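Bear in mind that the values here come from a model prediction, so they are computed numbers and not experimental data. By convention in this document, chain letters (A, B, ...) are assigned in the order of the sequence lines, proteins followed by strands, and residues within each chain are numbered from 1.
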Amino acid sequence: MSHQPQTTHAPNRNRLYVITFLALGILTMVEFAASNLPAFKLPVLLVLAATKASLVAGIYMHLKFDSRAFTTLVAMGLFCAVILVGAFSVVLNIHFD
Amino acid sequence: MEHSVGSLGVDTKKLGMWTFIGSEVMLFTGLITTYLVFRGKSLAGPYPRELFADPTIVAINTLVLLMSSLTMVLALSAVERGDRKQFFQFILATDALGALFLSVQVYEYKKLIEEGLNLGVNMFGASFFTLTGFHGAHVAVGVMLLLSTALRGARYGFTKEFPLGVEMIGLYWHFVDLVWVVIFTLVYLLK
């Protein structure tokens with residue numbers, strides 16, 4: 001096992017990471033404000049949450065830059081998740097609001 | 001320890017981590033779905049609408065966790081550049097933010113229990129504490145993993161396999177953050 005400092009030649013994306021955090025912060029505040037909307041609350045909040053989740057997965061978890069194999073793996077898990085929630089929504093009549 | 005590339009052309013350890021995350025997606029989907037099914041089935045209060053009328057503290061806690069994702073990815077960036085000082089600053093900041101998130105969650109639990117919500121009072125209470133408790137346990141595990149990674153870096157230095165180790169802990173940490181993004185919306189905002 002080497003004890004020498006190791007570096008890789010990964011591109012420096014620190015600026016992108018900070019911008020992503022600012023976007024996530026703004027989206028959270030918009031979500032917070034949108035929770036009091038009289039109408040269309042559900043679709044607005046779901047779109048905002050999905051956007052935030054995509055930013056975390058795409059930028060921070062590097063799915064945008066990494067192999068497509070990882071994205072496929074996550075997409076399969078998400079597909080099963082959506083099917084599960086969708087099925088329960090219909091069968092058990094889940095009320096979101 | 002060498003980086004091994006499998007038939008998909010990707011690192012097998014990283015693929016293993018993503019497979020684990022895929023299984024965690026299913027676990028949390030089950031928990032979230034259970035919460036959505038049961039939260040409206042309580043025969044007696046307290047109800048979500050009464051308890052989550054003002055989720056300001058939770059929104060601030062969400063920002064804390066999002067900020068910990070930023071410091072985590074900056075720690076990875078630092079280790080890739082071989083910048084020891086920045087790595088330790090960012091990974092310890094991530095750890096501290098994770099611990100802060102947990103402290104606020106404990107405070108929130110204390111307040112909810114004082115208002116009459118507990119695991120046994122109704123279906124909403126049972127499913128709420130199960131979901132957020134599982135998430136909190138994941139954060140607690142993450143905090144310990146981050147600390148052990150920092151200690152490993154301090155003791156053995158930036159070895160050949162260290163950046164990959166940091167990246168894997170980072171993937172776990174970001175996933176925990178991502179799950180909270182969903183919980184925040186479905187539990188606290190769509191009350």
Return the minimal non-hydrogen interatomic distance between B:Ser77 and A:Asn12, and the atom names on each side.
OG-OD1, 4.0 Å
Common cluster, A:Leu16/A:Leu55, ILVMFWY with side-chain heavy-atom separation under 4.5 Å
yes
Roughly how far, to the nearest 0.5 Å, is the CG atom of A:Leu73 from the OG1 atom of B:Thr19?
4.5 Å
Could you tell me the separation between the CH2 atom of B:Trp18 and the OG atom of A:Ser67, rounded to the nearest 0.5 Å?
11.0 Å
Do you reckon B:Val187 sits in the same ILVMFWY cluster as A:Leu42, going by side-chain contacts under 4.5 Å, direct or chained?
yes
Linking I/L/V/M/F/W/Y whenever any side-chain heavy atoms sit under 4.5 Å apart, do B:Tyr107 and B:Leu119 land together?
yes
Select one option (side chain, backbone, both, neither) describing which atoms of B:Ser69 are under 4.5 Å from chain A's heavy atoms.
both
Go through the steps to decide whether A:Leu46 and B:Leu186 satisfy the test side chain to side chain contact (heavy atoms under 4.5 Å, CB included), and finish with yes or no.
CA-CA 8 Å; A:Leu46 288 183; B:Leu186 293 180; 4.0 Å; yes
Cluster overlap B:Phe52 with A:Leu37, hydrophobic side-chain contacts below 4.5 Å
yes
Gap between atom CG of B:Leu66 and atom OG1 of A:Thr28 - 0.5 Å precision
5.0 Å
So B:Arg81 and A:Asn14, side chain to side chain contact (heavy atoms under 4.5 Å, CB included) or not? Walk me through it.
CA-CA 12 Å; B:Arg81 284 181 281 112; A:Asn14 289 1; 3.3 Å; yes
With a 4.5 angstrom heavy-atom cut-off, could you sort out which part of B:Pro55 is near chain A: side chain, backbone, both or neither?
both
Can you tell me which portion of A:Phe21 sits under 4.5 Å from chain B's heavy atoms? Options are side chain, backbone, both or neither.
side chain
I need the minimum non-hydrogen distance between A:Ala57 and B:Leu178, along with the two atoms involved.
CB-CD1, 3.8 Å
Report yes if the side chains of A:Val56 and B:Phe175 come closer than 4.5 Å at any heavy-atom pair, otherwise no.
no
Residues 129-151 of chain B vs chain A, non-hydrogen distance cutoff under 4.5 Å, contacting residues -> none
Got more than 12 heavy atoms from elsewhere within 6.0 Å of CE, B:Met17?
yes
Neighbour count above 12 (heavy atom, 6.0 Å) for A:Phe65 CZ:
yes
If one checks every heavy atom of A:Val18 against chain B at 4.5 Å, the contacting part turns out to be both
Checking B:Thr185 against A:Leu48 for the side chain to side chain contact (heavy atoms under 4.5 Å, CB included) test, could you report, in this order, the C-alpha distance in whole Å, the side-chain angles of both residues, the deciding distance, and whether it holds?
CA-CA 9 Å; B:Thr185 303; A:Leu48 288 170; over 6 Å; no
Going from CD on A:Glu31 to CG on B:Leu189, what distance comes out if it is rounded to the nearest 0.5 angstrom?
5.5 Å
Does a side-chain heavy-atom distance below 4.5 Å link A:Arg13 with B:Leu74?
no
I need the contact set between residues 20-29 of chain B and chain A: heavy-atom distance under 4.5 Å, sorted by residue number.
B:Ile21, B:Val25, B:Met26, B:Thr29
Shortest non-hydrogen contact between A:Gly25 and B:Leu63, atoms and distance:
CA-CD2, 3.7 Å
Taking A:Lys52, A:Met61, A:Met29 one by one, which has the highest count of heavy-atom pairs under 4.5 Å against chain B?
A:Met61
Reported CD-to-CG distance for the pair B:Glu167 and A:Asp66, which is rounded to 0.5 angstrom:
6.0 Å
Counting heavy-atom pairs closer than 4.5 Å to chain B, which one of A:Asn36, A:Leu24, A:Thr20 comes out on top?
A:Leu24
Most heavy-atom pairs under 4.5 angstrom with chain A, which of B:Ile32, B:Val181, B:Val179?
B:Val181
Interface moiety of A:Leu22 toward chain B, non-hydrogen atoms closer than 4.5 Å
neither
When you group the ILVMFWY residues by side-chain heavy-atom contacts below 4.5 Å and let the links chain together, are B:Val106 and B:Leu102 in the same group?
no
Can you tell me which portion of B:Met72 sits under 4.5 Å from chain A's heavy atoms? Options are side chain, backbone, both or neither.
neither
Bottom line for B:Leu76: the part with an atom under 4.5 Å from chain A's heavy atoms is side chain
Could you give the distance from CZ (A:Phe32) to CZ (B:Phe184), rounded to the nearest 0.5 Å?
7.0 Å
